[in-house]
Each structure stands twice: as C-alpha cells, then as structure tokens.
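A quick write-up on the structure given underneath.
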Amino acid sequence: MSVPLFNLAPNLTVSRLCLGTMTFGEQNSLPQSLRLLDQAFDAGINFFDSAEMYPVPQRAETQGKSEEYFGQWVRKRKISRDRVVIATKVAGPSGQMSWIRDGPKCLDAKNITEAVDGSLKRLQMDHIDLYQIHWPDRSRHFKVLHSCVSSYVPMFGETEYDPVRQFSSVPIEEQLDALGRAVDAGKIRYIGLSNETPYGVMKFLHFAENNVHYPKIISVQNSYSLLCRTFDSGMAECCHHERIYVLGYSPLAMGILSGKYFASDGAPSDARLNLFKGRYSEGESRYSLARNTLKLATMEYLGIAEKYGLHPVSLAIAFVLNHPLVASTVFGVTKSWQLEEVISACNVELTSEIIVDINKIHAKFPNPCP
C-alpha cells in the first residue's frame, strides 16, 4: 500500500501523509528516529515537517535536534535530495525561549535570516523546500530599545480576538522581503504560514500580489481534526478562493482520537499527555482531558469507528484527508506500530453515511479542542 501524492506547487509533489518530527530528540532517540524515518520513507512518505524550536516540550538542551536527526538520516541513508520534501519553521515571538535568539522577541528580517541559516546548518542541506512562519508576529517594535515584545494573536486553543491586547507589529512587508531574499539566494523554495488567521493570510497574499519581489505563500499549517474544525469558519473561504492548501496538523488531537486516554488503564505512562504532565502548557490547555465535552465527543467518534468497522485512527486520518483543501496531514508518532496505523488509514474512504454521522456529533460538540 503506497501513500498517495499531492501536487502542492510547481515541482513540489508531496505525500498526503507528512511525518512530523517534533518528538525526535526528546521522546525518540537518534536510532529510533532513523528507524521511523526509514519506515515512513519505505511506505511512500516523502514529506517531513520540522521546526527550529523542536523537539517539544522545548528545552535549551534539545533545541534543534529534530532538524539535526532528519539531516543525519538523509546523509546516512544517502538519499537523493530531490526524493524528500523538507518543511521547517521559524519560531515566532515568544520571550520564553531565551536560547533561540534571546526569546525570540520578534520576527523581523534579522531573526528570519538567522533562523533560515541556522536550520540549513542543522539539516546540513543547501535548501529548504517549504519554510513556514510557525506562528504570527503581531508585536510592538521598540526601535529605541532595539527589541520587540511578545505578540498577540488568538491561537493554540484561543478562539476570540481581543483588540485591547493587540500591539503594532513588525511589518509583514519586512518579513516577506527577508523570505524573498532567502528564496532568491536559493536557500528556500516556497514559503507558508502556520497557526494563522484569515487576516494574516490575506495580508501576506495582498503584499505579495503588489510586489514582484515578495514570494507568495502556498500553504497554511493549522490544526484540523474531528475535534478541531475551526479552520472551516473563516480560513476555508480564504484558502479556497486564493488557492492556498492546508497542511492539517494534529489529526489525532495529540493521540486523543485513538481512544487511548479513555481506556480503562488511562493510556500508557509514555503517552505524551501523561509523560509531560505539567511541562507542556500549550498541549495540556488545548487538549485538556478534564474537559467533559472533549471526552463526550471523543467517545461518540470512537462509537462511529466501531459502528462502521474502522480503526479509530483510520476514521480520524481519513476525515482530515477527505477535506478538499487539505494537501497533507502532519502527524507525529513515537513507535513503529503507530506509524503502521496511520499509513493504513491514508487509503480509507469515508461513505456519505459516515460523514453524516460525524457532522451530527460535531453539531452536538463543536470544536472541543479549538
């Protein structure tokens, strides 16, 4: 069984399954990571996603290892560069990751340029296929102090925008200019966004449309799953009309949709929400197992899988890939058998009856993990 492909952009054909590497260097050792990459590649996955801040939970001691492990795999296996598509990301304003360019405090041209060079060095490659802004910069730029402060955009589980919390930002034109220079230098081929809003997508497109030196985004990597369909509210219309494809991440909602956390034993101790309890605020707030609607919705989706004789992972993955705007779904695994389950799911087709049942549950429990 081979993983189907999708033409994301000219001369950029990607597998509809994209292996995320954010466990490499934390939950997965180098030998384990290499074996997972081998298994994915042999199954027809050619698309791999990373980020300069990975692995997670982020720590100074491990930062960058995910990119390093992927680069080592390509070299050790002597894989021709044109046989793999590597996507990675520049960290947005945080202020918390002091080991990444002192925060990073903002996403200006200097930060972007340094981030691109840093990723290329860790990957030991001469170019990146898809370079993404991990989350937006809407931050105040203090020119007198030569620094920036953290941004505000509703993301990672927030759904409502608060104008009071908004600051002026590093101009999008400055970001596009830096990215365009990296494209011109041959360091990156295409650019994309991640954790973005309709406003951000349209502004990036608007500026690129009016300046030939600015590259146009080709994709948006946002969360999309049975438990998170917020993309369909406003982003879907933007992406449809502007021909921007979605890379839907967290299709299993951090493993919740596999059903393991609601098993009688409460999931293995090395499951991420157990292993990093109290250390992974973004994950724990968004995928809070204490949220009753999350459990109720998940149990009903598990019921659909049982009703139609599907593995819960197959139902979850097939649902995401069924979306007409989804080019590929970005998933993470730590074990070989988990990878097998995801690969088996990519050729499952959902009947209209299954979709009707899914939408009934969504109407009862809309987006418990926004």
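Just so you know, these numbers use all the heavy atoms, side chains as well, and skip hydrogens, waters and symmetry mates.
A 4.5 Å side-chain heavy-atom check between Leu226 and Ile361 finds every atom pair outside the cut-off. Looking at heavy atoms from C-beta onward, Leu294 lies in side-chain contact with Phe262 at the 4.5 angstrom threshold. Using a 4.5 Å cut-off on side-chain heavy atoms (C-beta onward), Glu209 and Tyr214 make no contact. Contact of the Val116 side chain with the Val90 side chain is not registered, since no non-hydrogen atoms from C-beta on lie closer than 4.5 Å. When side chains are defined from C-beta on, Leu34 counts as touching Lys76, because their heavy atoms get closer than 4.5 Å. Side-chain atoms of Phe231 and Val220, non-hydrogen and from C-beta on, never get closer than 4.5 Å to each other. Phe204 has its side chain within reach of Ile133: a pair of non-hydrogen atoms, C-beta onward, lies under 4.5 Å apart. Considering only heavy atoms from C-beta on, Ile86 comes within 4.5 Å of Met125 through its side chain.
Heavy-atom contacts from other residues, nucleotides or ligands closer than 6.0 Å to OH of Tyr308 number more than 12.
For the 3.5 Å distance criterion, the side chains of Asn28 and Thr23 qualify, holding a donor opposite an acceptor. Side chains of His213 and Asp184: no donor on one and acceptor on the other come within 3.5 Å. A donor-acceptor contact under 3.5 angstrom links the side chains of Gln132 and Asp49, judged on distance only. A donor-acceptor contact closer than 3.5 angstrom links the side chains of Ser119 and Glu67.
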Could you walk me through whether Ile358 and Ile304 pass side-chain contact (heavy atoms from CB on, under 4.5 Å), step by step?
CA-CA 8 Å; Ile358 285 172; Ile304 289 182; 4.0 Å; yes
Worked verdict on Thr21 versus Ser33 for side-chain contact (heavy atoms from CB on, under 4.5 Å)
CA-CA 8 Å; Thr21 64; Ser33 302; over 6 Å; no
Leu19 vs Val333, side-chain contact (heavy atoms from CB on, under 4.5 Å): CA-CA, chis, key distance, verdict:
CA-CA 8 Å; Leu19 178 59; Val333 295; 4.1 Å; yes
Chi angles and distances behind the side-chain contact (heavy atoms from CB on, under 4.5 Å) call for Val201, Met235
CA-CA 8 Å; Val201 167; Met235 286 287 287; 3.6 Å; yes
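Residues Ala345 and Ser314 approach most closely at CB-CA, 3.4 Å, considering heavy atoms. Listed here is the closest heavy atom pair of Pro55 and Thr62: CD-O, 3.1 Å. The two residues Leu325 and Ala236 have their closest heavy-atom pair at CD1-O, 3.5 Å.
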Would you tabulate the side-chain donor-acceptor contacts of residues 362-370 under 3.5 Å, counting partners in other chains and residues two or more places apart, or write 'none'?
unit_1: Lys364; atom_1: NZ; unit_2: Glu300; atom_2: OE2; d: 2.6
unit_1: Asn367; atom_1: OD1; unit_2: Arg229; atom_2: N; d: 2.5

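One hydrophobic cluster, built from ILVMFWY side chains closer than 4.5 Å, holds both Met299 and Leu227. Linking Ile, Leu, Val, Met, Phe, Trp and Tyr whenever their side-chain heavy atoms come within less than 4.5 Å puts Ile355 and Leu321 in one cluster. Following chains of ILVMFWY side-chain contacts shorter than 4.5 Å, one cannot reach Ile343 starting from Leu5, and the two form parts of different hydrophobic clusters. Both Leu289 and Leu296 sit in one connected hydrophobic cluster of ILVMFWY residues. Membership requires side-chain heavy atoms under 4.5 Å apart, directly or through other members. In the hydrophobic clustering of this structure, Ile79 groups with Leu30; members are Ile, Leu, Val, Met, Phe, Trp, Tyr whose side-chain heavy atoms approach within less than 4.5 Å, directly or through other members.
The salt bridge (charged side-chain N to carboxylate O under 4.0 Å, His left out) pairs that include a residue from residues 327-356 are Asp270-Lys335, where partners are two or more places apart or lie in different chains. A side-chain hydrogen bond (donor to acceptor under 3.5 Å, both in side chains) check over residues 324-334, counting only residues at least two apart or in different chains, returns the pairs Thr334-Gln338. Residue pairs meeting the salt bridge (charged side-chain N to carboxylate O under 4.0 Å, His left out) criterion with at least one partner in residues 21-45, sequence neighbours excluded, are Glu26-Arg59, Asp38-Arg77.
Here the side chain of Asn111 pairs no donor or acceptor atom with the backbone of Pro104 at under 3.5 angstrom. Between the side chain of Arg81 and the backbone N or O of Asp126 there is no donor-acceptor pair closer than 3.5 Å. In this structure, the side chain of Asp137 engages the main chain of Leu107 through a donor-acceptor pair within 3.5 Å. In terms of modelled atom types and a separation under 3.5 Å, the side chain of Tyr261 and the main chain of Leu273 share a donor-acceptor contact. With Trp99 contributing its side chain and Glu61 its backbone, the two residues share no donor-acceptor pair below 3.5 Å. For Lys89 (side chain) and Ser50 (main-chain N/O), a donor-acceptor pair under 3.5 Å exists by modelled atom type. Side chain of Arg16 to main chain of Ile45: no donor-acceptor pair is present (N/O by atom type, distance under 3.5 Å, no hydrogens or angles). Judged purely by atom type and a 3.5 angstrom limit, Glu284 uses its side chain to pair as donor or acceptor with the backbone of Gly278. A donor-acceptor pair under 3.5 Å is absent between the side-chain atoms of Arg189 and the main chain of Tyr131, judged by distance alone.
One finds the OG atom of Ser225 at 8.5 Å from the CD1 atom of Ile256 (value rounded to the nearest 0.5 Å). One distance of note links CG of Leu17 with SG of Cys346; it measures 4.5 Å at 0.5 Å rounding. One distance of note links CG of Leu123 with CD of Glu52; it measures 11.0 Å at 0.5 Å rounding. Expressed to the nearest 0.5 Å, how far OH of Tyr287 lies from OG of Ser223 amounts to 4.0 Å. Once rounded to the nearest 0.5 Å, the distance linking CD of Gln221 with CG of Leu130 reads 8.5 Å. Put simply, CG on Asp129 and CD1 on Ile191 are 14.5 Å apart, with the number rounded to the nearest 0.5 Å.
Partners of Glu173 under the side-chain hydrogen bond (donor to acceptor under 3.5 Å, both in side chains) rule, at least two apart in sequence or in another chain, do not exist in this structure. Scanning for side-chain hydrogen bond (donor to acceptor under 3.5 Å, both in side chains) contacts around Lys260 gives an empty result, with sequence neighbours left out. Checked against ring pair (Phe, Tyr, Trp, His ring centres under 6.0 Å), Tyr54 has the following partners two or more places apart in sequence or in another chain: His134. The ring pair (Phe, Tyr, Trp, His ring centres under 6.0 Å) test applied to Phe6 returns Tyr245, not counting sequence neighbours. Applying the ring pair (Phe, Tyr, Trp, His ring centres under 6.0 Å) rule to Phe41 yields the partners Trp73; only residues at least two apart in sequence or on another chain are considered. For Lys121, there are no side-chain hydrogen bond (donor to acceptor under 3.5 Å, both in side chains) partners at least two apart in sequence or on another chain. Here Arg272 pairs with nothing under the side-chain hydrogen bond (donor to acceptor under 3.5 Å, both in side chains) rule; sequence neighbours left out. Looking at residues two or more places apart in sequence or on another chain, you find no ring pair (Phe, Tyr, Trp, His ring centres under 6.0 Å) involving His206.
The aromatic rings of Phe319 and Tyr224 lie parallel to each other, with less than 30° between the two planes, well short of the 60° mark.
Aromatic rings of Phe24 and Phe70 (six-membered ring for Trp) have centroids beyond the 6.0 Å cut-off, not under it.
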